[in-house]
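Numbers restart at 1 for each chain; the letters A, B, ... are given by sequence-line order, proteins then strands. Predicted model, so just to flag it, every value in this text is computed and none were measured. Atoms considered below: every heavy atom in the structure, side chains included; atoms not considered: hydrogens, waters and symmetry mates.
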Amino acid sequence: MRCDEVRELLALYAGGEGVEDDRPEVEAHVALCAGCARELDQVRELRSALSSLGTRPVPSADSKAIWGAVRREFFPRPPWKAELLRFAAALVVGLGIGAGGWFALPRASSEVRTAGQGPRLEALPAGALREPLRRPAGVDRHHLPRVEAVLAPGERDY
Amino acid sequence: MQVLLIVLSVAQGGASDDARRRLEGDLLAVLEKVRASVVQVVASFPAEPAADAETVALSGVVWTAEGHVVTEATGVERAAELVVRSGERRWRARFVAADRRSGVAVLKVEDAGLVPAVCAESSPREGSTAIAVGNAHGLPGGASIGRVSGLGRRLLVSGRRFEDAIELEAPVQPGDAGACVADAGGRFVGLVQAVLPPGAAGDGAAFAIPVEWVRFSADRIVRHGRMIRGWLGLSAKPAATEGAEVTRVEPDGPAKRAGIGEGDVIVTFDGEAVKDADAFKWRVARFEQAKEVEVVLSRGKERRSLKVQVEIDPQR
């Protein structure tokens, strides 16, 4: 099994779940791969931490009051002057963008065109403006292996 | 005085602009030189019981004017069909061989018009400029610039161990496996091999096979048509005092058959003292045919002399 396949199964394996046929392969891979072994330890720690969380009773106040308090905490209403200034600034910016766009757009020519005159405008092929980095036809994947572990220095193979 | 200061600052600003223009001009010239030797490799794999058919794109570097191309081995081994692209030109390529120890594969196209890369004589230094030129996401000649952030890295990639990798801070992307890493002079110093995945400590760091190993593997493959290198079937680390301390012995390798075990310290090999682990690695790798050599090893307090048959690496 490859590391990306094993990692998808680690959460189930850590909980004693998953397909029985996969367990020996997962175990064999984890025994050899330091990276996946480390990730399995982390999954087990997380499961242990979550299982130790307890529950507490919710206050009896109704949900509207709760959400109202939360909103006031995180989105305090600004003073009325600040709100007015903010509105005015947004209005000025909007008008400025609109005016700029009005002057930048090309004007329709007042010249009357008849059939056959002027440049022919052809429709772009469908999808030409989308996905500029679409993969060339026939390529499923661009290859770049991932490092599973950076090993300690010193030992060499001969 | 104030006029003099103004004149001097304008002159200095002008000189800085000139320096920047020269620097950019030099960089563009280097990129153009490196791009001429970088190709795209497209490998098609047939369907297998555990995998669908797929077509994979990566990069390669022109190695000889006769049409040999070096690339990252796992992207092309067992491919049913290989195509090399450069600009608008296309060639069918033949897989010659790969060295599984270094991760280098050699392809061959029938063309006399490719421009081989100019190799650096040795590995780059830490902190030096690294320019990676490849085919990220299929876009030809994409380049990124960074620094060499480490040397001599040992990696686990696709279940295999690799040594002596160059660590880079230049960003690489899918499709850059087999890309050329060049120094500031445009000389080939490494072949992009792998990247740390997102979320890992130091994620984004890339690793390249150093040019010494690319040269060693590619020249042997071009000369012999397959990878030939010496093999002992053991792993070792520098001993505390002298020699190499054996840490692992392969169950069916020459070292095991000769009686070498874990904990033994190899003091001399083929008549020469083992003082440097790097030099010892090259001495073993350079064998081109099987040969019996004498090894002196230290086991506890006693010294023993053994005969070991250095074999040709089976490339398992």
Original post:
When only pairs under 4.5 Å are counted, which of B/Ala206, B/Gly75, B/Ala194, B/Ala57 shares the most heavy-atom pairs with chain A?
Top reply: B/Ala57
Original post:
Less than 4.5 Å apart, any side-chain heavy atom of A/Arg156 and any of B/Asp278?
Top reply: yes
Subject >> Value rounded to 0.5 Å, distance of CG in B/Leu156 from SG in A/Cys3 >> reply: 7.0 Å
Original post:
Looking at B/Ala244, B/Ala255, B/Pro174, B/Pro238, which one has more heavy-atom pairs under 4.5 Å with chain A than the rest?
Top reply: B/Pro174
Original post:
Under a 4.5 Å heavy-atom cutoff, which of B/Arg153, B/Gln173, B/Arg229 has the most pairs with chain A?
Top reply: B/Gln173
Subject >> Pairwise distance CZ(A/Arg141) to CZ(B/Phe45) - rounded to 0.5 angstrom >> reply: 7.5 Å
**OP:** Under 4.5 Å, counting heavy-atom pairs only, tell me which of B/Val284, B/Thr74, B/Asp313, B/Val192 racks up the most with chain A.
**Re:** B/Thr74
Original post:
Can you tell which of B/Leu155, B/Val310, B/Leu58 has the highest number of heavy-atom pairs within less than 4.5 Å of chain A?
Top reply: B/Leu155
Subject >> Exercise: identify the closest heavy-atom pair between B/Arg154 and A/Ala152 >> reply: NH1-O, 2.6 Å
**OP:** For A/Asp140 and B/Glu54, work out which heavy atoms get closest and say how close.
**Re:** OD2-CA, 3.1 Å
Original post:
Is the shortest distance from a Lys or Arg side-chain nitrogen in A/Asp157 or B/Arg101 to a carboxylate oxygen in the other one below 4.0 Å?
Top reply: no
Original post:
How many angstroms lie between atom CD of A/Glu155 and atom CD of B/Glu163, to the nearest 0.5 angstrom?
Top reply: 8.0 Å
Original post:
Okay, side chain of A/Glu148, backbone of B/Ser158: is any donor-acceptor separation there less than 3.5 Å?
Top reply: yes
Subject >> Heavy-atom proximity to chain A below 4.5 Å, by part of B/Glu72 >> reply: side chain
**OP:** Identify the heavy atoms of A/Tyr158 and B/Phe280 that sit nearest to each other, and give their distance.
**Re:** CE2-CD2, 3.3 Å
Original post:
With a 4.5 angstrom heavy-atom cut-off, which part of B/Glu250 approaches chain A: side chain, backbone, both or neither?
Top reply: neither
**OP:** Measure distances from B/Ala53 to the heavy atoms of chain A and classify the residue's part below 4.5 Å as side chain, backbone, both or neither.
**Re:** backbone
Subject >> Leading residue by heavy atom contact count with chain A [cutoff under 4.5 Å; candidates B/Thr247, B/Val195, B/Leu232] >> reply: B/Val195
Original post:
What part of B/Val172 is in contact with chain A, defined as an atom under 4.5 angstrom from a non-hydrogen atom: side chain, backbone, both or neither?
Top reply: both
